[in-house]
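The figures that follow rest on heavy atoms only: side chains count, while hydrogens, waters and symmetry mates do not. Numbers restart at 1 for each chain; the letters A, B, ... are given by sequence-line order, proteins then strands.
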Protein chains: 2
Amino acid sequence: MRDGGSPHKTRKARRAGPTISDVAARCGVAVSTVSRALTMPGRVSEATRQRVVAAADELGYQPNPRARSLLSGRTDTIGLLMPDITNPFFFDVIRGTQAQAAAAGYSLMLVDTEESAEVEARHLARMPKAVDGLILAASRLSDADLEQVASSVPLVALNRGTRGVPTVVIDSADGAVQAVEHLASLGHRKLAYAAGPAGSWSNGRRWRAVYTAARRLGLHAVRLGPFPPTVRAGAAAADAVINTGASAVLAFNDLLAIGMLGRLAERGVDVPGEMSVVGCDDIFGADFCHPALTTLTAPIERAGRVATDMLLDLLGRGTGRSAHREQELLATTLTVRESTGPAPAPTPAPAP
Amino acid sequence: MRDGGSPHKTRKARRAGPTISDVAARCGVAVSTVSRALTMPGRVSEATRQRVVAAADELGYQPNPRARSLLSGRTDTIGLLMPDITNPFFFDVIRGTQAQAAAAGYSLMLVDTEESAEVEARHLARMPKAVDGLILAASRLSDADLEQVASSVPLVALNRGTRGVPTVVIDSADGAVQAVEHLASLGHRKLAYAAGPAGSWSNGRRWRAVYTAARRLGLHAVRLGPFPPTVRAGAAAADAVINTGASAVLAFNDLLAIGMLGRLAERGVDVPGEMSVVGCDDIFGADFCHPALTTLTAPIERAGRVATDMLLDLLGRGTGRSAHREQELLATTLTVRESTGPAPAPTPAPAP
DNA sequence: CAACTTTTGGCAAAGGGTTGCCACCCCAAC
DNA sequence: GTTGGGGTGGCAACCCTTTGCCAAAAGTTG
């Protein structure tokens with residue numbers, strides 16, 4: 001039993017490729033040497049390094065990221081959670097995030113939390129072990145839960161402000177004020193706000209900004225909804241607005257606004273002749289819908305980039321170039337297109 | 001030196017949460033028992049199981065997926081590669097894929113290959129170790145490379161047909177024929193095809209379908225381009241079409257078509273009065289652009305779902321419900337909206 | 001009460017790398 | 001010739017979990 005020491009190597013058909021020890025065997029060095037040759041260039045002699053690299057190439061060796069991450073703790077992956085992957089707003093977030101992550105050598109893991117705090121929490125419990133850091137877009141979590149998660153895993157919140165959690169928010173307040181001023185200057189006296197999801201933090205902020213701006217300018221503002229942030233829901237929102245007698249409406253987001261445009265056209269309400277519509281976000285499509293949508297242009301993709309930068313900083317992999325603050329505020333501006341116009345001349349009473 | 005056997009446990013500050021051995025220590029059993037209590041319910045006594053579960057809860061233990069996957073070989077993650085994450089077409093693919101993957105308990109890893117076969121290949125070399133399977137949307141790889149990759153990792157190609165590789169393709173041929181017939185019936189005699197990226201497999205197929213259908217119906221078809229599949233490129237495409245004297249144009253995709261719509265409006269060319277425009281895909285926005293786009297409606301999201309189903313089957317995790325074939329063909333249909341109309345009366349020569 | 005079967009739980013070996021520590025070699029300096 | 005030092009490479013522990021195998025405990029049967 002001279003060779004009894006050799007254990008049963010091929011326990012299961014190894015589906016994966018060659019391992020580090022295959023490479024080591026092939027060029028007659030220890031696995032540790034191979035590891036070092038591949039990851040710490042100065043640590044071995046040039047001759048050895050070349051032998052190892054050659055052997056690795058011949059075998060087509062690729063290090064196993066799972067094994068590597070087990071020890072190093074790093075996965076080179078960041079997770080992006082959002083309430084609804086179906087919403088074009090988040091497409092731009094994905095874009096910005098993916099671009100910046102890829103540039104830093106990170107992969108992106110996508111999760112749809114289905115507009116539910118509970119689903120979000122469930123994923124959040126599993127993910128920290130699978131990724132290096134997280135970006136939570138429009139999180140539905142409570143402040144307490146959010147802070148708790150943030151304390152145990154590097155995390156950046158997007159469009160969800162909370163003290164103590166690194167945050168980038170697209171500040172619709174500026175834009176909302178601009179929008180209200182725009183409408184006021186066009187002679188509108190009564191405007192409606194078509195609200196988004198109740199759980200949305202941005203929704204609350206947006207309404208507050210509209211309300212105070214309207215008040216300051218002597219306009220009457222009413223809040224409608226909540227509506228789901230979808231094109232379909234635009235029909236209900238449009239009908240609700242017509243009912244209020246407002247001559248202008250500011251929608252929670254462009255999807256809702258575009259849906260309203262469709263419904264208003266269907267009902268023969270002229271936009272902007274009889275009703276002015278303002279969207280929010282300036283998503284893909286806002287410029288070529290009919291009429292082209294006046295909207296608050298939000299730097300969504302940039303928000304994704306900035307959030308990723310901040311996360312990378314947190315992970316110590318930042319470019320260093322840009323030292324971000326804990327709370328990054330990105331301003332919006334009003335883009336005036338064709339869906340807003342002068343208020344219609346007041347009619348004493350609507351025809352029955 | 002009685003306790004000399006105990007090694008230095010806390011070599012590095014353990015950033016991650018409690019491990020299985022913490023749980024084991026807490027309730028006085030071996031790690032193997034904890035593992036079994038948590039994953040093989042019948043394997044330990046109910047009393048033990050409860051003790052373990054209680055301890056795990058108290059500690060907030062979450063198994064480390066990396067360690068788990070190292071042994072099991074499974075990551076419960078699938079990778080989705082696409083040439084350009086910026087293209088709304090792929091948004092729908094992402095949607096369908098994410099939905100189906102999530103339903104089966106899989107996470108989604110997103111990769112943008114930047115329209116480059118080389119970038120794609122580079123990612124492809126690293127990924128197999130990090131995911132269980134791959135979906136390649138509109139792969140730019142050569143047939144040989146594609147087959148080679150497919151032989152070493154479970155893979156489904158989307159909109160990229162190759163023998164020997166499981167594939168789901170959205171077959172624009174049917175729709176293209178319908179579109180040409182539609183245009184022919186409206187009296188058009190000459191039509192242009194605004195081509196997409198040269199490396200795109202679908203582009204070749206689409207042109208061929210248009211060309212043969214046109215030929216059969218006695219229409220004259222010219223091919224323009226290639227153009228990048230973007231709204232911006234639509235301007236150049238529109239100008240090129242005007243030059244040919246064609247009265248109708250079929251665009252490689254909706255982005256291009258929508259861009260053409262904008263440029264044509266800018267140049268005062270009436271759509272559909274003077275020029276009919278047909279898009280392809282029916283992406284978000286095709287129904288509310290102006291005029292609403294006549295287009296080949298492609299079941300993009302469903303393609304993503306089917307591709308995911310097929311991959312899951314390959315991984316042995318399929319629902320079993322739906323046995324897919326190796327090559328799945330999804331038909332398109334023409335959706336007629338407002339961007340197509342009767343051919344204009346022929347004018348002897350354009351006014352100078 | 002002995003012999004046998006079934007539970008139940010523990011030991012230890014993977015799985016594929018990384019890394020602290022040590023041994024060794026070669027060369028220069030004393 | 002001995003000592004010291006820098007450069008290389010190997011050993012083995014470690015990361016966390018799963019799982020084959022075995023032994024002890026418990027239960028069953030004659």
Side-chain angles (χ1 to χ4, degrees), chain A residues 4-25 27-52 56 59 61-76 126 128-130, chain B residues 4-25 27-52 56 59 61-76 126 128-130:
Chain A
S6 135
H8 42 96
K9 252 303 179 197
T10 47
R11 193 175 62 150
K12 56 166 61 176
R14 218 179 329 167
R15 226 208 44 196
T19 73
I20 196 171
S21 53
D22 295 331
V23 178
C27 54
V29 298
V31 291
S32 50
T33 304
V34 176
S35 174
R36 280 193 279 254
L38 264 24
T39 60
M40 314 168 156
R43 187 59 179 70
V44 299
S45 68
E46 181 57 21
T48 309
R49 198 187 67 76
Q50 298 210 348
R51 284 224 321 283
V52 170
L59 259 38
Y61 167 73
Q62 290 287 137
N64 183 326
R66 270 124 70 183
R68 189 196 297 249
S69 81
L70 187 53
L71 189 57
S72 69
R74 287 189 35 202
T75 56
D76 289 342
R126 289 192 313 111
K129 297 274 175 46
Chain B
S6 135
H8 41 96
K9 251 303 179 197
T10 47
R11 192 176 63 150
K12 57 165 60 175
R14 217 180 330 168
R15 226 209 42 197
T19 74
I20 197 171
S21 53
D22 295 331
V23 178
C27 54
V29 299
V31 291
S32 50
T33 303
V34 175
S35 175
R36 280 192 278 254
L38 264 24
T39 60
M40 314 167 153
R43 187 60 180 69
V44 299
S45 68
E46 181 57 20
T48 309
R49 199 186 65 76
Q50 298 211 347
R51 283 225 319 285
V52 169
L59 258 39
Y61 168 73
Q62 290 287 139
N64 183 328
R66 271 124 70 183
R68 189 197 296 247
S69 82
L70 186 54
L71 192 58
S72 69
R74 287 188 37 202
T75 56
D76 289 341
R126 290 192 314 110
K129 296 273 177 46

Given 3.5 Å as the limit, does a donor-acceptor pair link the side chain of A/K129 with the main chain of B/Q62, or not?
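Checking the backbone N and O of B/Q62 against the side chain of A/K129, a donor-acceptor pair under 3.5 Å is found.
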Examine distances only and state if a side-chain atom of B/R66 and a backbone atom of A/G73 form a donor-acceptor pair shorter than 3.5 Å.
yes
Let me confirm one number: the [atom1]-[atom2] distance from [X] to [Y], rounded to the nearest 0.5 Å.
X: B/R68; Y: B/D76; atom1: CZ; atom2: CG; result: 8.0 Å
X: A/L59; Y: A/I20; atom1: CG; atom2: CD1; result: 12.0 Å
X: B/R74; Y: B/S69; atom1: CZ; atom2: OG; result: 10.0 Å

Between [N] ([atom2]) and [X] ([atom1]): distance, integer Å:
X: A/Y61; N: C/dT18; atom1: OH; atom2: C1'; result: 10 Å
X: B/M40; N: D/dG20; atom1: CE; atom2: C1'; result: 10 Å
X: B/D76; N: D/dT17; atom1: CG; atom2: P; result: 15 Å
X: A/L38; N: C/dT18; atom1: CG; atom2: C1'; result: 12 Å
X: A/L71; N: C/dG20; atom1: CG; atom2: C1'; result: 12 Å
X: B/N64; N: D/dC16; atom1: CG; atom2: C1'; result: 6 Å
X: B/R66; N: D/dC15; atom1: CZ; atom2: P; result: 14 Å
X: A/R74; N: D/dC15; atom1: CZ; atom2: P; result: 19 Å

Among residues at least two apart in sequence or on other chains, which ones pass side-chain hydrogen bond (donor to acceptor under 3.5 Å, both in side chains) with B/T33?
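Checked B/T33 against side-chain hydrogen bond (donor to acceptor under 3.5 Å, both in side chains); zero matches.
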Partner residues of A/A130 under the side-chain contact (heavy atoms from CB on, under 4.5 Å) criterion, sequence neighbours left out
B/P65
If we fit an axis to the first five pairs and another to the last five of the helix from C/dC1-D/dG30 to C/dC30-D/dG1, what angle do they make, to the nearest 10°?
60°
List in chain and number order the residues that pass salt bridge (charged side-chain N to carboxylate O under 4.0 Å, His left out) with A/R49, two or more places apart in sequence or in another chain; answer none if no residue qualifies.
A/E46
Pairs under 3.5 Å (N/O, protein and nucleotides 8-11 of chain C):
unit_1: C/dG9; atom_1: OP1; unit_2: B/S45; atom_2: OG; d: 3.4
unit_1: C/dG9; atom_1: OP1; unit_2: B/T48; atom_2: OG1; d: 2.2
unit_1: C/dG9; atom_1: OP2; unit_2: B/S45; atom_2: N; d: 3.2
unit_1: C/dG9; atom_1: OP2; unit_2: B/T48; atom_2: OG1; d: 3.4
unit_1: C/dG9; atom_1: N7; unit_2: B/R43; atom_2: NH1; d: 3.2
unit_1: C/dG9; atom_1: O6; unit_2: B/R43; atom_2: NH2; d: 2.6
unit_1: C/dG10; atom_1: OP1; unit_2: B/A30; atom_2: N; d: 3.4
unit_1: C/dG10; atom_1: OP2; unit_2: B/A30; atom_2: N; d: 2.7
unit_1: C/dG10; atom_1: OP2; unit_2: B/T33; atom_2: OG1; d: 2.4
unit_1: C/dG10; atom_1: N7; unit_2: B/S32; atom_2: OG; d: 3.4
unit_1: C/dG10; atom_1: N7; unit_2: B/R36; atom_2: NH2; d: 2.9
unit_1: C/dG10; atom_1: O6; unit_2: B/R36; atom_2: NH1; d: 3.3
unit_1: C/dG10; atom_1: O6; unit_2: B/R36; atom_2: NH2; d: 2.6
unit_1: C/dC11; atom_1: N4; unit_2: B/S32; atom_2: OG; d: 3.1

Can you give the donor-acceptor pairs under 3.5 Å from side chains of residues 35-45 of chain B to other protein atoms, not counting sequence neighbours?
unit_1: B/T39; atom_1: OG1; unit_2: B/S35; atom_2: O; d: 2.9
unit_1: B/S45; atom_1: OG; unit_2: B/T48; atom_2: N; d: 3.3
unit_1: B/S45; atom_1: OG; unit_2: B/T48; atom_2: OG1; d: 2.7

Quick check for you: among C/dG17, D/dT17, D/dC15, whose closest atom lies nearest to any side-chain atom of A/L70?
D/dC15
